[in-house]
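Encoded as structure tokens, the structure appears first; notes follow it.
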Amino acid sequence: MAFVLSLLMALVLVSYGPGGSLGCDLSQNHMLVGRKNLRLLGQMRRLSSRFCLQDRKDFTFPQEMVEGSQLQEAQAISVLHEMLQQTFNLFHTERSSAAWDTTLLEQLHTGLHQQLDDLDACLGQVMGEEDSALGRMGPTLAMKRYFQGIHVYLKEKEYSDCAWEIVRLEIMRALSSSTSLRERLRMMDGDLNSP
């Protein structure tokens, strides 16, 4: 548990700290909402992960797609958007409502929706007509497949409490992994704005 809390705090400090933007002007509120969403995911814990060891699974997060240096800015924003959209969809199902505290779940829905709105504005700024197809292929498609695996896992486990706990931890890890992508976007934005 201490490890998970440490990981969560590191993600909050690195991923949502002050700094450049993602190719557009994300408000400070966007950063605060991100921190709150991570806290909510932490508060949603209902079982000890040790109790659910038999349900562990490697979902094969597309790490190389998130950390790959070949991603263009539009693709990177598209991948982040896809991750948030899929997380929203995952926790916005009838099965999810039965698994989690309703108040925390509604707050998470609201926060994810706010972040998606912010990234929608970013996507509009960095993607032209021709780039939009590019953003929906490769890395973004890998992210969709990753989340499809999570949905299949939940169905196979009949949406058990342990399955949901394993998925909650996986989503926290996935959001943690997006840190390097956010940092690269900040560097891209810094390069674009330098004289």
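Here the structure is a predicted model, which is why all the values come from computation and not from measurement.
Counting non-hydrogen atoms of other residues, nucleotides and ligands closer than 6.0 Å to NE2 of His113 gives a total of 12 or fewer. For CD of Glu158, the number of neighbouring non-hydrogen atoms (other residues, nucleotides, ligands) closer than 6.0 Å is 12 at most.
Linking ILVMFWY residues whenever their side-chain heavy atoms come closer than 4.5 Å, directly or via other members, places Leu104 and Leu175 in the same cluster. Cluster membership check: Phe88 shares its hydrophobic cluster with Leu90, using side-chain heavy-atom separations under 4.5 Å among Ile, Leu, Val, Met, Phe, Trp and Tyr.
Here the straight-line distance linking atom OG of Ser78 with atom CE of Met143 works out to 9.5 Å at 0.5 Å rounding. Expressed to the nearest 0.5 Å, how far OG1 of Thr87 lies from CD1 of Ile150 amounts to 7.5 Å. Remark: Met172 CE to Arg45 CZ distance equals 10.0 Å, nearest 0.5 Å. Here the straight-line distance linking atom CE of Met44 with atom CD1 of Ile171 works out to 10.5 Å at 0.5 Å rounding. Note that NZ of Lys36 is 9.5 Å distant from CD of Gln43, once rounded to the nearest 0.5 Å. For the atom pair Leu112 CG and Asn89 CG, the distance stands at 10.0 Å (nearest 0.5 Å).
Neither side chain, Gln114 nor Asp118, offers a donor N or O lying under 3.5 Å from an acceptor on the other. Residues Tyr146 and Glu170 bring a donor and an acceptor atom of their side chains to less than 3.5 Å of each other.
In plain terms, the two heavy atoms of Gln54 and Lys157 that are nearest each other are O-NZ, 4.4 Å. Contact detail for Arg168 and Leu41: the closest heavy-atom pair is NH1-O, 2.8 Å. Closest approach of Cys162 to Phe51, counting heavy atoms only: SG-CD2, 3.8 Å. The shortest heavy-atom contact between Cys52 and Leu47 is SG-CD1, 3.8 Å.
Aromatic ring orientation, Phe91 versus Trp100: tilted (interplanar angle from 30° to 60°).
Under the ring-ring contact (aromatic ring centres under 6.0 Å, His included) criterion, Phe147 pairs with no residue at all, not counting sequence neighbours.
No side-chain heavy atom of Leu116 sits under 4.5 Å from any side-chain heavy atom of Leu119. Between Ser96 and Leu105, the closest side-chain pair of non-hydrogen atoms falls below 4.5 Å. Side-chain contact between Phe59 and Val167: present, with at least one pair of heavy atoms (C-beta onward) separated by less than 4.5 Å.
With Arg56 contributing its side chain and Ile166 its backbone, the two residues share no donor-acceptor pair below 3.5 Å.
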